[in-house]
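Right, one structure below, let's go through it.
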Amino acid sequence: MLDRALIDDLFPADLPDPAHWEEHYPARELPEGAKVTRFAPSPTGFVHIGGVYTATIAKDVAHRSGGVYFVRIEDTDQSREVAGVAEQFARAFSYFGIASDESGDAPWGPYLQSERERIYLSYVRELMREGLAYPCFCTREELAEVTKRQQATKVPTGYYGSWARWRDADPDEVAAKLRAGEPYVVRFRSPGTEGRVSFTDAIRGRLEHEANRNDVVILKTSASRPRLPTYHFAHAVDEHLMRVNLVIRGEEWISSVPLHLQLFEALGFPPPTYAHVAPLMVQDGGSKRKMSKRKDLEAGADYYLEAGYPAPAVLYYLRGLANGRLAELPLEQALQEPIRLEECGVAGPLVDMVKLADISGDHIATLPGPVVLDAVADWARDRDPELVEVVTTNRELAERAIDVERVGVQNPRKDLVRWSDFRSLYGFFFPSLFTPVTDPSGERLGGLDPSLVRKLAADFADNYRWDPDQPTWFAQIRELAARHGFAPNPKAYKQDPDAYPGMLRDAANVIRVALTGSTRSPDLHAVAGALGPDEVIRRVHALVG
């Protein structure tokens, strides 16, 4: 065992003992049964929608129990940090309502692991003093050679037992290396347990997993890198000092539980309860696989912000994936009902973007027009400034437009699924966004003779009259079609197609294309009412030439 003075010389002289941190981070005064949970993303990548899913569960469980939820950024691997990730975290946390209950100078902060270095060093030093951790001077090449030999002899790979070169090295040799300034890492001296270890998961019940035998690295030290811990060690220290009693995280961490339990025991900490959430899945041909940010655009949380999915719709969908019971409830009720860990499945739920689109369209259809327009403007503020200007300066027209086939109808339109769809679906209502149709030929106009199209347009514009009664208003199109020789119905046209230039619907299509630029549109009478007589006449006249 190394001399205590030599160990202490490896650390700052003013580094406090663990007792200082125990006092600095007192137990939280919370009701009995309250859960303290955390969301701990790494800035080595943008937030995954699976992270939003897990954080939503963690925050809901904590709050329902009268506890606390916080966000801790695990930024110890600063060499892999992605530029701009902090801003993306802030956007996603705010949009999906998963921001931390605590931040800044709250009693259990700081909430960036890179700012907690002295805490970790205190506990690393304590483990070294107790002989539960030791310096290792193996180079990458030496470790690679160990792995090669292990593979050749068909034994488990890793740094353990007799393969652990520096585990039981001569203290004098270690001391000489340290005094010479040789680069080293600090490894945890594992109990070397073989066999399996069991623990109880709050979602999955009793689990068994192979015990950890490896002497894992808990601190990397060198002249060129900050003295920051590995994930495993920081996890153990932070969960204890920040008084987390329920760790909700992805199932990929199940295999780490045996190691984490060893670390908690070595440090003298009571372990938290673990709850491992199944990953979100996608259909890939005939099989399912984990949703991947590399393969799936919809895996990134920013995808939903950029597309403009309303946050309540996405959260409702995610909560339904967590607890199927919630998917059967109306949106507002489901957002208020608790998420229960015991109802979370152990098989990864399948993400169905078609289903999400249906949910989003249904949700938007229930919102008052002004609320929709405000949401569109908020979304477009940094993405489509022209749209913001148009919607803001033409507010009355915008409200008339958004009400088309939404107000006063039994089955309101549900095609507006994302705020980004607004321009394509409603842009034609606004003169500044609409390009009048001036070419009387083309497929949109059904192949009618251009001269006939001009005559229809001129006749309609010259005699146009608005009427709030739909049948009365449409009668003028019926009369227009009759005056220009169109068949009154499909049956008449079918009996003698050469006798007519087209059917009533072909004549109506000319007016539809003139007003909307498309052969498909909302109810034509409702569109004309929203546009107003002057704009209707202006657009139809554009076809006259």
Side-chain angles (χ1 to χ4, degrees), residues 1-13 15-19 21 76-77 113 116-147 149-150 155-194 197 211-238 240 256 258-269 271:
M1 188 168 173
L2 285 179
D3 179 75
R4 176 168 175 147
L6 180 59
I7 292 171
D8 288 353
D9 282 346
L10 301 176
F11 298 87
L15 190 67
D17 285 333
W21 302 116
T76 59
D77 191 356
Q113 284 188 333
R116 300 172 67 86
E117 177 184 349
R118 285 173 60 80
I119 301 173
Y120 307 129
L121 293 180
S122 290
Y123 285 95
V124 170
R125 183 181 65 185
E126 189 66 19
L127 289 186
M128 293 184 72
R129 285 171 173 176
E130 295 175 2
L132 296 174
Y134 62 92
C136 171
F137 302 90
C138 286
T139 64
R140 290 184 179 181
E141 292 75 19
E142 289 171 333
L143 292 174
E145 178 61 27
V146 167
T147 300
R149 287 162 49 204
Q150 289 172 333
V155 298
T157 59
Y159 194 86
Y160 63 92
S162 61
W163 300 100
R165 162 74 175 82
W166 293 94
R167 179 183 171 98
D168 296 311
D170 185 309
D172 291 337
E173 183 183 5
V174 174
K177 287 276 190 181
L178 290 173
R179 292 191 182 101
E182 294 282 347
Y184 67 94
V185 297
V186 177
R187 290 185 180 271
F188 169 59
R189 186 185 297 273
S190 80
T193 307
E194 295 188 12
V197 62
N212 171 66
R213 70 172 74 187
N214 281 300
D215 289 1
V216 298
V217 175
I218 59 174
L219 187 74
K220 297 180 179 180
T221 64
S222 75
S224 61
R225 299 186 63 173
R227 292 156 58 94
L228 290 175
T230 58
Y231 166 80
H232 301 291
F233 189 73
H235 161 76
V237 172
D238 285 342
H240 172 67
S256 297
L259 166 60
H260 293 167
L261 293 178
Q262 288 178 355
L263 288 170
F264 277 105
E265 183 176 0
L267 290 162
F269 301 157

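The main-chain N or O of P18 is never found under 3.5 Å from a side-chain atom of S122 such that the two would form a donor-acceptor pair. Counting only distance, with no hydrogens or angles, the side chain of R167 and the backbone of Y159 share no donor-acceptor pair below 3.5 Å. Judged by distance alone, the side chain of N214 and the main-chain N or O of V216 form no donor-acceptor pair under 3.5 Å.
Looking only at side-chain heavy atoms (C-beta outward), P229 and I218 stay at 4.5 Å or farther from each other. In this structure, the side chains of L121 and P12 come closer than 4.5 Å at one or more pairs of heavy atoms. Taking the side chain as every heavy atom from C-beta outward, F137 and V174 approach each other to under 4.5 Å. The shortest distance between side-chain heavy atoms of F188 and H232 does not fall below 4.5 Å. Between H260 and P271, the closest side-chain pair of non-hydrogen atoms is not below 4.5 Å. Using a 4.5 Å cut-off on side-chain heavy atoms (C-beta onward), K220 and L228 make no contact. Considering only heavy atoms from C-beta on, W166 stays 4.5 Å or farther from R187 through its side chain. In this structure, F233 and V186 have side chains that are not in contact, with every pair of non-hydrogen atoms separated by 4.5 Å or more.
Every residue was checked against the side-chain hydrogen bond (donor to acceptor under 3.5 Å, both in side chains) condition with T230, not counting sequence neighbours, and none meets it. For F269, the ring-ring contact (aromatic ring centres under 6.0 Å, His included) test picks out Y123, H240, with sequence neighbours left out.
Separating the CZ atom in R213 from the CD atom in Q262 is a distance of 11.5 Å, to the nearest 0.5 Å. Between the CG atom in D17 and the CZ atom in R129 there is a gap of 5.0 Å [rounded to 0.5 Å]. Taking CG of L2 as the start and OH of Y134 as the end, the distance is 12.0 Å to the nearest 0.5 Å. Rounding to the nearest 0.5 Å places CG of L6 at 5.5 Å from CG of L10. F264 contributes atom CZ, which lies 10.5 Å from atom CG of L259 (distance to the nearest 0.5 angstrom). The CD1 atom of I7 sits 10.0 Å away from the CZ atom of R125 when rounded to the nearest 0.5 Å.
Contact between P258 and A211 at its shortest, heavy atoms only, is CB-CA, 4.2 Å. Shortest non-hydrogen contact noted between P16 and R118 is CD-NH2, 3.3 Å. Nearest approach of A266 to L127, heavy atoms of both residues: O-CD2, 3.8 Å. Nearest heavy atom pair, residue L267 against residue A236, reads CD1-CB, 3.9 Å.
In summary, D168 and R189 engage in a salt bridge, as defined by a charged side-chain N under 4.0 Å from a carboxylate O.
More than 12 heavy atoms of other shown residues, nucleotides or ligands fall within 6.0 angstrom of atom CD in E145. Around CD of E194, the count of heavy atoms belonging to other residues, nucleotides or ligands within 6.0 Å does not exceed 12.
Side-chain contact, Y120 with D238: a donor N or O sits under 3.5 Å from an acceptor N or O.
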Tell me, with the steps shown, if E142 and R165 meet side-chain contact (heavy atoms from CB on, under 4.5 Å).
-> CA-CA 10 Å; E142 289 171 333; R165 162 74 175 82; over 6 Å; no
